[in-house]
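In this chain, numbering begins with 1 at the start of the sequence shown.
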Amino acid sequence: MAARIEHLVTSGTFSLDGGTWDVDNNVWIVGDDSEAIVIDAAHDADAIAEAIGDRRLVAVVCTHAHNDHIDAAPALAARTGAPILLHPDDLPLWKQTHPNRLPDGELTDGQRLSVAGTELTVLHTPGHAPGAVCLHAPQLSTVFTGDTLFQGGPGATGRSFSHFPTIIESIRDRLLTLPPETEARTGHGDSTTIGAEAPHLKEWIDRGH
């Protein structure tokens, strides 16, 4: 059976630099009837575990370490035995939320994760956070963009550990080079496609300066 993509929306808060905001997060599950990977274990370990059911959880993959994307990761890992994977450049952010529980493994640029006969390639896309990654699944014509690329533009870069020129470079060089029909499944809000966003790069740069 081919891998499929399932989608949950969980609600909670995002906190950084002394502020806290209510947020809805996209949680993505890639797998088949026997195994799965979770991308961004946000807010509600119970809901995510229920969606996984009795499948083997191969990994809990973090697109970056802002607390709203990782707050449920340790609880989900404890329930399932799955390793938590994070790019090491985001460890300073991770430790703000989970000072006593490190990730179990590292994500590196070009690394390939395999689930249900499908490969996801890790693309290091810093800017929103230093260790931000996207996960490209060509067989599913999908890239999971976390908070790097949204419908309508790049992720926010106004807070600590973020940098606007870096996120633009990441999007231009790593994401807009993917096939235009590739669906971008984002960390918040609606999905889009690479082809829909690519024509707007100059507008984003002009807007960001």
Worksheet item: Only one of T125, T145, D109 forms a side-chain hydrogen bond (donor to acceptor under 3.5 Å, both in side chains) with R174, so which one is it?
Response: D109

Does a donor on one side chain sit under 3.5 Å from an acceptor on the other, for [X] and [Y]?
{"X": "D24", "Y": "S11", "answer": "yes"}
{"X": "N26", "Y": "H7", "answer": "yes"}
{"X": "H64", "Y": "D90", "answer": "no"}
{"X": "E183", "Y": "T142", "answer": "no"}
{"X": "N25", "Y": "H43", "answer": "yes"}
{"X": "S15", "Y": "N67", "answer": "no"}
{"X": "E203", "Y": "H200", "answer": "yes"}

Discussion item. Do I205 and I171 land in one hydrophobic cluster if side-chain heavy atoms of ILVMFWY residues count as linked below 4.5 Å?
Written reply: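 Result: yes, single cluster for both.
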
Worksheet item: What about I167 and F161, same hydrophobic cluster or not, with Ile/Leu/Val/Met/Phe/Trp/Tyr joined at side-chain heavy-atom distances under 4.5 Å?
Response: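 I167 does not cluster with F161.
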
Donor-acceptor pair, side chain of [X] and main chain of [Y], under 3.5 angstrom:
{"X": "D40", "Y": "A42", "value": "no"}
{"X": "E169", "Y": "G127", "value": "no"}
{"X": "H87", "Y": "D89", "value": "yes"}
{"X": "Q96", "Y": "L93", "value": "no"}
{"X": "S141", "Y": "P138", "value": "no"}

Worksheet item: Other hydrophobic cluster members with L102, side-chain heavy atoms of Ile/Leu/Val/Met/Phe/Trp/Tyr under 4.5 Å, chained?
Response: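 Joined to L102, directly or through intermediates: L8, V27, I29, V38, I48, I52, L57, V60, I70, L76, I84, L86, L91, W94.
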
Under a 4.5 Å cut-off applied to non-hydrogen side-chain atoms, are [X] and [Y] in contact?
{"X": "I194", "Y": "T177", "answer": "no"}
{"X": "T63", "Y": "H69", "answer": "yes"}
{"X": "L123", "Y": "L135", "answer": "no"}
{"X": "L201", "Y": "R172", "answer": "yes"}
{"X": "C134", "Y": "F144", "answer": "no"}
{"X": "V143", "Y": "L149", "answer": "no"}
{"X": "V122", "Y": "T108", "answer": "no"}
{"X": "W21", "Y": "D68", "answer": "no"}

Discussion item. Run the salt bridge (charged side-chain N to carboxylate O under 4.0 Å, His left out) test against E6 and tell me which residues pass, sequence neighbours left out.
Written reply: R4, R55

Worksheet item: Are H128 and H66 close enough that their ring centres sit under 6.0 Å apart?
Response: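 Yes, they do, as the ring centres are separated by less than 6.0 Å.
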
Worksheet item: Taking it one step at a time, do E197 and T192 satisfy side chain to side chain donor-acceptor pair (under 3.5 Å)?
Response: CA-CA 8 Å; E197 302 305 321; T192 181; 2.6 Å; yes

Which pairs would a plain distance check flag for residues 150-158, meaning a side-chain donor or acceptor within less than 3.5 Å of a matching protein atom at least two apart in sequence or in another chain?
none

Worksheet item: What do you reckon, is CD of E181 surrounded by more than 12 foreign heavy atoms closer than 6.0 Å?
Response: yes

